[in-house]
Amino acid sequence: MGSLSLFTIIIIGANALISYKGFNDYSFFERYKFNIGGIKRGEQFRMFSSGFLHADTQHLLFNMLTLYFFADRVIYFVGEVNFLIVYVGSLILGSLLSLYFHKNENQYSAVGASGAVTGILYAAILLDPRMELYLFFIPIPIPAYIFGIVYLLYSIYGMKKRVGNIGHDAHFGGAVGGYVITLILMPSLFETELLMVCLLAIPIVVLFIMHKLGKI
């Protein structure tokens with residue numbers, strides 16, 4: 001895949017600098033985090049700026065490590081500019097889904113690049129669904145497409161049960177962004193990877209049906 005892309009380095013650097021500014025400046029953090037009340041007051045910039053803030057160093061490192069592992073795979077298939085489109089689009093769609101599901105909770109707040117990073121992860125899986133992923137707690141490799149499907153199904157469960165202090169809706173929205181934007185950029189996947197395109201759409205369809213039935 002080659003050396004780490006300059007685009008990836010810039011994104012990681014921006015996340016690190018802005019997050020550390022937020023760690024040490026409470027008013028900065030409060031001004032730019034995702035917050036429903038603030039967005040309703042017209043501060044739509046929060047839907048973008050919150051994607052560069054993190055709750056703590058561990059949160060920042062986890063997101064940036066995930067980006068580090070999958071960014072170049074996406075760039076390899078779609079190029080640097082399209083990678084940036086996937087990243088930003090996933091960030092925004094993650095925020096939009098969070099806004100939709102929490103629109104009546106004015107105090108709801110969130111931070112993190114998770115939506116954008118999950119979009120890159122899901123894009124990488126769609127582009128190379130047969131790659132194998134190794135997880136710390138599972139000693140055998142897992143096909144990427146199986147991990148992607150299970151992860152999003154768990155995100156639906158997390159959204160429904162509000163599991164942990166985690167923005168499951170932002171993760172899911174980001175993954176949808178990565179999936180849809182990648183298909184727009186590479187419609188040839190409908191011919192070369194139609195089965196995987198359909199399989200990776202399963203969690204999206206499940207969420208849509210559950211929402212229509214009032215289950216989430």
[X] side, atom [atom1]; [Y] side, atom [atom2] - distance, nearest 0.5 Å:
X	Y	atom1	atom2	result
F34	S49	CZ	OG	10.5 Å
F208	I204	CZ	CD1	12.0 Å
L127	Y122	CG	OH	12.5 Å
I166	S114	CD1	OG	8.5 Å
L97	L93	CG	CG	8.5 Å
I216	M159	CD1	CE	4.0 Å

**Message:** For a ring pair (Phe, Tyr, Trp, His ring centres under 6.0 Å) check, start with the C-alpha distance between F45 and F48, then their side-chain angles and the critical distance, and finish with the verdict.
**Reply:** CA-CA 5 Å; F45 62 83; F48 180 77; over 10 Å; no

Flag the pair [X] / [Y] as yes when at least one side-chain heavy-atom distance between them is below 4.5 Å, and no otherwise.
X	Y	result
S5	D72	yes
I156	V206	yes
D128	F77	yes
S90	V86	yes
P129	E193	yes
Y87	V74	no
L194	L189	no
F29	V111	yes

Is there a path from [X] to [Y] through hydrophobic residues (I, L, V, M, F, W, Y) whose side chains come within less than 4.5 Å of each other?
X	Y	answer
L195	L152	yes
F70	L61	no
L91	L17	no
I75	L4	yes
F172	V205	no

**Asked** Between R46 and E30, is the closest basic N to carboxylate O distance under 4.0 Å?
**Response** no

**Request:** State whether E105 and R162 are salt-bridged, where the test is any N-O pair (Lys NZ or Arg NE/NH1/NH2 against Asp/Glu carboxylate O) under 4.0 Å.
**Result:** yes

**Request:** Report the relative orientation of the aromatic rings in F28 and Y32; use parallel for angles under 30°, tilted for 30 to 60°, perpendicular for over 60°.
**Result:** tilted

**Prompt:** Do Y100 and H211 meet the criterion of a side-chain donor-acceptor pair at a distance under 3.5 Å?
**Reply:** yes

**Asked** ring pair (Phe, Tyr, Trp, His ring centres under 6.0 Å) between Y154 and H168: does it pass, once the steps are laid out?
**Response** CA-CA 9 Å; Y154 171 74; H168 296 285; 5.7 Å; yes

**Prompt:** What pair of heavy atoms forms the shortest contact from N35 to S109, and how long is it?
**Reply:** ND2-OG, 2.9 Å

